[in-house]
Amino acid sequence: MKKNIYRVLLPILFITMAGCSNAENINSPAIPKTHEGNVSLSQTQTLETPQSRLNCTQFNLDVEDNMVCTYWKNSKKFKEAIEIQDYENYSSLIEVNELSPVEYDFFATTKVYYKDRSYEAKVFPNSRVQLSNGNEVINLICNKDSCSKPFLWGFATESTIRANPKLADAMMIKLSSIYSENYGNYLDKTNKQSLKGKLAVKVFFENPNLDDSSYVIRYIDKVSPLKNSIQEYLNGLTPEEKKLGFETSNFGNGSFQVKIEDKVALISFTADDLTRDLKSPQQVIDFTTSIAMTAEQFDTVNEAKICVNDTYNYEIAFFANEEPVECPF
């Protein structure tokens with residue numbers, strides 16, 4: 001996520017050439033045609049991509065880029081024709097002393113005939129197409145509704161964002177929607193499962209890409225459901241859950257005891273090595289929140305009280321050098 005934020009911020013800070021406006025939010029072009037080196041765009045020529053190829057496994061992608069690439073590949077967007085007359089030509093970047101348009105580690109490829117010449121085309125997710133034939137490179141940027149269909153978001157520069165502020169967040173909004181869609185599919189699939197003798201419970205983990213009440217579903221023994229649910233948190237995340245953006249804030253808590261008194265869950269953890277596993281106050285806050293929400297899903301629990309290493313005020317004692325208060329239970 002942080003890497004993608006930098007992808008948006010860097011061109012905003014440094015690119016001064018007028019860019020294309022987001023096709024979904026503005027109709028008028030924001031990238032003026034340069035007077036030197038421009039390619040004349042014929043109203044009759046089209047850049048069609050019926051045989052576009054996007055194989056995400058051919059790229060060395062991290063989890064997030066692979067997720068976006070897979071979403072793009074499965075979106076069937078490449079069946080749409082890309083019309084040349086609806087593009088602006090982005091002339092030589094070196095000659096005008098500008099930074100390159102934001103590149104991505106993945107792109108679709110196809111062959112294109114443009115002005116009676118054959119080109120290899122790279123289609124990027126941010127409304128950009130690059131044509132090359134070994135002798136020349138032509139960078140084209142979509143800036144109209146009619147050419148926006150194959151792409152995931154608009155091309156953002158300082159000038160396009162001035163004309164359309166929403167374009168600054170277009171990539172992050174799309175990324176968030178992909179996380180939400182994948183999470184929805186996960187919940188649908190998991191909720192349809194039915195394991196005999198097992199109870200479906202929510203186990204809350206942190207997920208910066210979703211809201212604060214995000215959870216995974218686990219099937220546990222019906223005996224001692226609270227204890228089993230907390231143990232599932234300590235067991236950590238599955239590879240599928242990690243791909244959905246979930247994170248764990250456990251700081252070495254490997255064992256615990258739990259009991260319920262007057263609808264209050266009393267949970268005492270033992271952390272193995274705080275000097276190794278405890279990183280920040282936020283980690284403690286997230287851990288406490290996740291455990292409390294996991295416990296409070298049950299009708300028998302209205303509140304959760306937590307101790308770590310026999311310390312009741314562990315949330316501040318571990319970082320603020322405050323005198324530890326002994327666990328009262």
query: Centroid-to-centroid, F124 to F151, below 6.0 Å?
result: no
- request: State plainly whether one hydrophobic cluster holds both F155 and V137, where clusters connect Ile, Leu, Val, Met, Phe, Trp and Tyr through side-chain heavy atoms under 4.5 angstrom apart.
  value: no
field: E241 versus G236, closest heavy-atom pair with distance
entry: OE1-O, 4.4 Å
- prompt: Would you say the side-chain atoms of N133 and N135 include a donor-acceptor pair closer than 3.5 Å?
  reply: no
- request: Compute the centroid of each ring, for F59 and then for F107, and state whether the two points are separated by less than 6.0 Å.
  value: yes
field: Worked check of side-chain hydrogen bond (donor to acceptor under 3.5 Å, both in side chains) between E206 and T248
entry: CA-CA 6 Å; E206 304 74 54; T248 177; 5.1 Å; no
task: Taking atom CD of Q257 as the centre, report whether more than 12 heavy atoms of other residues, nucleotides or ligands fall under 6.0 Å from it.
output: no
field: Donor-acceptor pair between D211 and S213 side chains, under 3.5 angstrom
entry: yes
task: Without swapping roles, check the side chain of S177 against the backbone of K174 for a donor-acceptor pair under 3.5 Å.
output: yes
query: Are L187 and V203 in one and the same hydrophobic cluster, where Ile, Leu, Val, Met, Phe, Trp and Tyr link if side-chain heavy atoms are under 4.5 Å apart?
result: yes
field: For the student: nearest non-hydrogen atoms of S229 and T294, plus distance
entry: CB-CG2, 3.8 Å
field: Given Y104, Y71, W72, the one that forms ring pair (Phe, Tyr, Trp, His ring centres under 6.0 Å) with W153
entry: Y104
message: Could you measure the distance from the CZ atom of F246 to the CG atom of N207? Nearest 0.5 Å is fine.
response: 4.5 Å
message: Has N313 got a side-chain atom pairing as donor or acceptor with E323's backbone, closer than 3.5 angstrom?
response: yes
message: Are I285 and Y215 connected into the same hydrophobic cluster when the rule is that any two of I, L, V, M, F, W, Y join if their side-chain heavy atoms are below 4.5 Å apart?
response: no
- request: Check step by step if side chain to side chain contact (heavy atoms under 4.5 Å, CB included) holds for M67 and L175.
  value: CA-CA 9 Å; M67 177 186 70; L175 187 60; 3.7 Å; yes
query: Can you list the steps and then say if T311 with N309 is a side-chain hydrogen bond (donor to acceptor under 3.5 Å, both in side chains)?
result: CA-CA 5 Å; T311 302; N309 286 1; over 6 Å; no
task: Over 60° means perpendicular and under 30° means parallel, so classify the ring planes of F251 and F318, tilted if in between.
output: perpendicular
message: Can a side-chain donor-acceptor contact be found between Y179 and E64 if the only test is distance below 3.5 angstrom?
response: yes
- request: State whether the side chain of N250 and the backbone N or O of N253 hold a donor-acceptor pair below 3.5 Å, judged by distance alone.
  value: yes
- prompt: Below 4.5 Å, heavy atoms only, C-beta onward: do L140 and E88 meet side chain to side chain?
  reply: no
field: Ring centre gap for Y233 and F205 strictly below 6.0 Å
entry: yes
query: Between L226 and I260, is any pair of side-chain heavy atoms under 4.5 Å apart?
result: yes
message: Has S214 got a side-chain atom pairing as donor or acceptor with L210's backbone, closer than 3.5 angstrom?
response: no
- prompt: Taking the side chain from E303 and the backbone from A292, do they hold a donor-acceptor pair closer than 3.5 Å?
  reply: no
message: Would the distance check show the side chain of N228 and the main-chain N or O of D221 forming a donor-acceptor pair, the cut-off being under 3.5 Å?
response: yes
query: Rounded to the nearest 0.5 Å, how far does CG of L54 lie from OG of S75?
result: 8.5 Å
query: Which ILVMFWY residues can you reach from F329 by hopping between side chains whose heavy atoms are under 4.5 Å apart?
result: V264, L266, Y312, V325
Verdict with supporting geometry, E296 and N302, side chain to side chain contact (heavy atoms under 4.5 Å, CB included): CA-CA 6 Å; E296 291 167 7; N302 288 339; over 6 Å; no
task: With side chain to side chain contact (heavy atoms under 4.5 Å, CB included) as the test, would you mind laying out the steps for E315 and I306 before giving the verdict?
output: CA-CA 10 Å; E315 291 180 289; I306 302 170; over 6 Å; no
More than 12 heavy atoms of other groups within 6.0 Å of N60 CG: no
- prompt: Going by distance alone, is a donor N or O of one side chain under 3.5 Å from an acceptor N or O of the other, for S132 and E120?
  reply: no
query: Between the side chain of Y219 and the main-chain N/O of Q193, is any donor-acceptor distance below 3.5 Å?
result: yes
- request: List the steps, then state whether side-chain hydrogen bond (donor to acceptor under 3.5 Å, both in side chains) holds for Y314 with T288.
  value: CA-CA 10 Å; Y314 66 94; T288 303; 2.7 Å; yes
- request: Indicate yes or no for a side-chain donor-acceptor contact from D62 to the backbone of D65 under 3.5 Å, with no hydrogens or angles considered.
  value: yes
Q297 (side chain) donor-acceptor with K202 (main chain) under 3.5 angstrom: yes
task: Give the intermediate values and the outcome of side chain to side chain contact (heavy atoms under 4.5 Å, CB included) for residues S268 and D310.
output: CA-CA 7 Å; S268 181; D310 202 34; 5.5 Å; no
query: Are L195 and I217 connected in a single hydrophobic cluster, I mean Ile/Leu/Val/Met/Phe/Trp/Tyr linked by side-chain heavy atoms less than 4.5 Å apart?
result: yes
Between CD on residue Q231 and CD1 on residue I220, distance to nearest 0.5 Å: 11.0 Å
task: Check whether any side-chain N or O of K279 sits under 3.5 Å from a backbone N or O of R276 as a donor-acceptor pair, and report yes or no.
output: yes
query: Can Q282 and D286 be said to form a side-chain hydrogen bond (donor to acceptor under 3.5 Å, both in side chains), step by step?
result: CA-CA 6 Å; Q282 187 61 49; D286 290 340; 2.8 Å; yes
Sequence neighbours excluded, every pair satisfying side-chain hydrogen bond (donor to acceptor under 3.5 Å, both in side chains) that has a member inside residues 180-189: K189-E240
